[in-house]
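Chain identifiers are assigned alphabetically (A, B, ...) following the order of the sequence lines, protein sequences preceding nucleic acid strands; residue numbering begins at 1 within each chain.
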Amino acid sequence: MARAYDVDEVERKWQRHWAEEGTYEIDNDDPREKFYALCMYPYPSGPAHQGHVRNYTFGDLVVRYQTMLGKGVLSPIGFDSFGLPAENAAIKTGTHPRVFTDARIDELRASLTRLGAVYDWRREVHSHEPAYIKWTQLIFLRLWEAGLAYRAMAPVNWCPGCQTVLANEQVLGDGTCDRSGDVVERRDLEQWFFRITTYADELLYALDDLEWPERAKVMQRNWIGRSEGAEFDLQVEGRPDLSVRVFTTRPDTSFGMTYAVIAPEHPLVDELTTDAQRSAVEELRRRAAEETEIERMAEGDPSALDKRGAFTGSRVVNPFTGDPVPVYVADYVLMGYGTGAIMAVPAEDERDWAFATLHGLPIVRTVQPPGDWDANGGGAYTGDGVKINSDFLDGLDIVTAKARATEWLEERGLGERKVNYRLRDWLVSRQRFWGCPIPAVYCDEHGVVPVPEDQLPIVAPDDVEFLPTGQSPLSFHEGFLHTTCPVCGGPARRETDTMDTFVDSSWYFLRFCDPWSTDRPFDPEAARHFMPVDQYIGGIEHAILHLLYARFFTRALIDVGLAPGVDREPFKHYLAQGMIRMDGTKMSKSKGNLIAPEHYFDTVGADALRLFHLFAGPPFDDMDWSEQTEQVIEGCGRFLDRLWRTCLSEPDLRTGEQTDEDGAVRRAVHRTVADVTKDLERWSYNTAVAHCMELLNTVQRYARGSDGNGNTAGVHADVWNEGLNALLSLLAPLSPHVTAELWERRHPGEPSVHLQSWPTPDPELVRQETVTMVVQVNGKVRDRIEVDAGISEADAQEVALASAKVIEALDGATPTRIVSRPPRLVNIVV
RNA sequence: GCCCGGAUGGCGGAAUGGCAGACGCGGCGGCCUCAAAAGCCGCUGUCCGAAAGGGCGUGCGGGUUCGAGUCCCGCUCCGGGCACCA
C-alpha cells in the first residue's frame, strides 16, 4: 500500500523523541492531580501479539488523554517474568530460565516501543529480579508473622505428564492438564497457604462499590460463595460421647431429615462404621480416594448422578423430632466444605432426593409444593412455600422458619448460626524452580523457621540441572539445600518450593509507586499518593484469580503495616478488554504468528494498527480477526493518509467576516470535540474514531469547495486552523506519531501536540441553531422540517399542522391528540 | 442444570423511549489516466414503481406507550462463567 508519508521514519522519530525527552516520566512529588493508568503487566512471551496490541493501545490512549487533561499520570510497565514456560524451555534446551526470560522481555519491550506506548521506563520491574524477590519474600515473612501465611497438609494437582504439581488454574474443567492433556491426579502434600478466607466478607461486600464490569463482580461473588445457615450436632444413638456436626443452609427443613451423610474422608467414618458394614464402607472409601476428577465427571451430569454411598450401621438422632435416622458415607458430600457432614432432606434437596430414591430412604415434605408439582414430575421442591409436617414451624414461610429453627437450636445449646464460604485459602507452594523461593528453613530441633530478614533475598543458584523429575531442581542442589538454623545454628534444610507467580502479580502495582525503595517494598507515602489505580485494563480471564488475590494482598499489606493509609481497593475502575478470536476460537500461537503485529508495524505502521483496534468495536467485546480485518486496517491507513494530505495542503485562506458555511464548519468542529470527549470518558473508542473521521470528511469538503468547483466563499483562515488543530488534538492519544509530526510541521518550534491541553468545546457552538423536526402521524414519519432549535411547543405544532405532507396524510381527519417534543418531534394522533 | 451476556444491512458496528443502519469495510457506477495503481465524486436495508413516491424492516410471540432496536412477560438460538459447596 503506497502511503502519503514515510510511516516508519515518522514513527521511529517520535518514539525516540518520547524516550529522550522523558515525556511520560513522573516523579513521586509531582504536584499535578494524580492519575494512575495501568495495564496488567505481561508475561514475557516474546514479541507482542495482537492481544497485547489491543490492551496496550487502550492503556496508552488513557495515559495520553489524561496527560492532555493536565493530570500527573503514572504509567508504569514491567514483566511478570516468573513462570512455567521458561522452565519447560530449560528442561528442553538446557538454557537457563533467566537467560531465556531476559531475551523474551527484550523482544516484548521492543514491540511495546514500536507500538508507541509510553511509560516511565525508570520504574520498570521484573518479578524475577533479586530486587523484587527480596520484597516478595519479606512480604511472605510478614504475612507468616501475622498468621496470614501457614503450612498445612493438602491435596494438590499432580500432572504425570509434566512431572509437576499444577496450579488449580492450570487444571481444565474436565480434570486434565492444560499443557499436556494428561488426567491430573490428587496427591496429599504439606503446603504453604495464605489465609485469604479471613477477608472473605470484606472482599465480597466491597465489590458493591467498585466500578467494574458486572460480570467480573458476579464471578468474584460466586467464587467467594458466601452462604448463611446453621451448624448443629447430631447425637449418635447409643453413644452419648459421640456426635456428628452438620452444616445446612436450610435449618427450616430439619423435620424432613430422614438420614445423614458424612464424607468418605470424614474422621468419624471408622468409629461410626459397624463391623457388618465395614467392608462396604471400605470399598466406597477406596474408590473415592482413587477417583480422579475426570472419572467423577464421567458419571454423568450432577442431576442424574449415581449417588454412590454405603450405610455405616450407625444412627443419629434428629434433635427436632427425636427420631433416629441412618448415617451413610457418600462421595457427594465433600470433606472440604462445611463440616464434611450433612443432614439429608430429600424432599427439599435434589441431590438428597436422588440418593434417597436410589437407596429406598423415606421422604417427608416440609414445604408445601404447588398443587401441580407432583403431576408435573415431582421431585425435590426447593422453592418458597408454606411449612408443613414441622411442628412449631408449620404455617411459616421459609425465611421466618429458618430464623425460628436456628433460634430453637441456639436456645437449647445444640448449635448456632453459621456462615460458610466456597472460597478456600490460597495454596501458594509450587514445586518449581522458576518462581520466587519461599524464605523458610527446616530444622530438626526447631521445625519450620523463617529466614531472618537481613538474609533476604534468597536467590536460587544458577548451577542447577533442569530435569523433569517432579521436584524443584533446588532439591538436588546440595549448596542451596544445606544451611543452618537461624534459631540454634545447627544444620537445617532450605525450603525448595517456590511461590505461585500470582503472588508476584499481587503487589507489583504497589512497587510501581516507588520501585527505587531499597529498605522496604515501597514507601507508603508514595503508595498513598498514587493508589488506587484509576484505570486498570486487562483480560477478563483474570477476573477471579489475579484480581481477587490483588485485592486480598492490598488489604493484607495494609493490615501487617507495610502500607498504612493506602486505599484498601487497589483497582477503582477495571476495563475488561475482550479477546481476539480467529475462526471463533481463542487465538492459537501458530495462527497468532500469521497476524503478528511486527508485520503491521513494518507495513501500515503502529498508528494505523492502533486506530484499527480502537475502531473495530467496543473494547469489552471479543473481536473476530477475519479476512476483512486486513482491509479495515488499510482503511485506517487511508484515513491517516487523508489526514496527512489535508493538514499539509495549502488552500487559499481568507480572513475577515465569516460566512454561514464557516459557521457550520465551526459548529461541526466544536460538536466533535464534545462528542469525542464524551466517548473517551465512557470507553466508546470506536465512536470516537468515527467522529474524528466525520470531522475530517467535513473539513475536506470545506476545503475542496475552495478549489474552484464548489460554490463556497473559500476557506477562512481561522476556521481552517481551528478545525485542524482540534482534529490533531483529538487524534493525538489515538494515533500519537502522525499527529505529533503534523502538529510540529504546522507549528514549528512550538510544544508538541501531546503537551497541549485537551480542547474544550464552546457550548454556544455545540448547541444546534436549527434542528430537523420530525412530524409523525400516528407514529409514522410523514415530514421533516428544519426549525429553530428554540422553537416553542405552540409554534412546533403550528408548523407541523401546516405541512402539506401532513395534511395529505391526515386526509381530513381531526387530530385527537398532539404530542410535542420541540424541537425534535411532533406526533399527531387521529 | 444454574447464573450472566448477546442477537440490528453482504460484513464490523452506530443509535438519553422520539428520523433505525452514524462511521468504516466490501460492492456498483463515474471522473482522472494511453493504461493501471493511487486519488476524487456518487449510489448502496428490502420489496413495488420508469419516476415521484409508497409498503415492509432491529431473532420469534405477546404487552406497556401517542411512539419500542431500546422498557415488561414468555420463547428460540449463540457466546461465556459456575457446575455434587449441603
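Taking atom C1' on both B:G69 and B:G18, the two are 13 Å apart, rounded to the nearest angstrom. Distance check on atom P: B:A37 versus B:G30 gives 14 Å, rounded to whole Å. Going from the P atom of B:C71 to that of B:U58 covers 15 Å, rounded to whole Å. When the P atom is used for both B:G45 and B:G10, the distance is 10 Å, rounded to whole Å. Nucleotides B:C19 and B:G1 have their P atoms positioned 40 Å apart, rounded to a whole Å.
Rounded to an integer number of Å, the gap from A:D252 CG to B:A86 C1' is 13 Å.
In terms of modelled atom types and a separation under 3.5 Å, the side chain of A:R782 and the main chain of A:V806 share no donor-acceptor contact. Between the A:T629 side chain and the A:W625 main chain, no donor and acceptor come within less than 3.5 Å of each other. A donor-acceptor pair under 3.5 Å links the side-chain atoms of A:K217 to the main chain of A:L210, judged by distance alone. At distances below 3.5 Å, at least one donor-acceptor pair connects side-chain atoms of A:S735 with backbone N or O atoms of A:D607. No donor-acceptor pair under 3.5 Å is formed between the side chain of A:S649 and the backbone N or O of A:P651.
Counting non-hydrogen atoms under 4.0 angstrom, A:V333 reaches a base of the nucleic acid. Contacts of A:Q628 with the nucleic acid, taken as non-hydrogen atoms under 4.0 Å apart, include base atoms. As judged by a 4.0 angstrom heavy-atom cut-off over every strand, A:Q776 is placed among the base-contacting residues. Within the nucleic acid shown, A:R782 comes within 4.0 Å of sugar-phosphate atoms alone, with no base atom in reach, counting heavy atoms only. Within 4.0 Å (heavy atoms only), A:N778 reaches no atom of the nucleic acid at all. Contact annotation for A:R682: backbone-only contact, meaning every heavy-atom pair under 4.0 Å involves sugar-phosphate atoms and none involves a base.
Base pairing analysis places B:G26 opposite B:U44; the two distances defining the Watson-Crick or G-U wobble pair are each below 3.5 Å. When both pairing distances are held under 3.5 Å, B:U65 makes no Watson-Crick or G-U pair with any nucleotide shown. Under the Watson-Crick or G-U wobble criterion, with both distances below 3.5 Å, B:C82 is paired with B:G1. In this structure B:A14 sits in no base pair that meets the Watson-Crick or G-U test at under 3.5 Å.
Each of B:G24, B:A15, B:C4 was ranked by its minimum atom distance to the side chain of A:R215; first place goes to B:C4. For A:Q631, the side-chain atoms get nearest to B:G26 when compared with the rest of B:A20, B:G26, B:G18. Closest to the side chain of A:P618, out of B:G81, B:C23, B:A14, is B:A14. In the set B:A22, B:C4, B:A86, B:A86 carries the atom at the smallest distance from any side-chain atom of A:L334. For A:R642, the side-chain atoms get nearest to B:C40 when compared with the rest of B:G81, B:C40, B:C23. Distance from the side chain of A:V218 is smallest to B:C3 among B:G12, B:C3, B:A86. Distance from the side chain of A:R784 is smallest to B:A20 among B:A86, B:A20, B:C40.
Distances shown here put every side-chain N or O of A:K780 at or beyond 4.0 Å from the OP1 or OP2 atom of B:G18. Put simply, A:R422 has no side-chain N or O that comes within less than 4.0 Å of OP1 or OP2 on B:C82. Phosphate contact (OP1/OP2 of B:A86, side-chain N/O of A:S227, threshold under 4.0 Å): present. Contact check, A:R704 against B:C41: a side-chain N or O comes under 4.0 Å of OP1 or OP2. When the side-chain nitrogen and oxygen atoms of A:N686 are compared with OP1 and OP2 of B:A22, none of them lie within a distance under 4.0 Å.
Ring-plane geometry between A:Y5 and A:W644 is classed as parallel, the angle between the planes falling under 30 degrees on a 0 to 90 degree scale with a further cut at 60. A:H546 and A:H542 have perpendicular rings, their planes meeting at more than 60° on a 0 to 90° scale where under 30° would count as parallel.
For a distance-only test at 3.5 Å, the side chain of A:R821 qualifies as a donor-acceptor partner of the base of B:G18. No hydrogens or angles were tested; on distance alone, nothing pairs the side chain of A:R817 with the base of B:C66 as donor and acceptor under 3.5 Å.
Both A:G340 and A:N827 sit near RNA chain B, but only A:N827 has its closest nucleotide nearer the 5' end. Nearest-nucleotide positions on RNA chain B place A:N222 closer to the 5' end than the other of A:T772 and A:N222.
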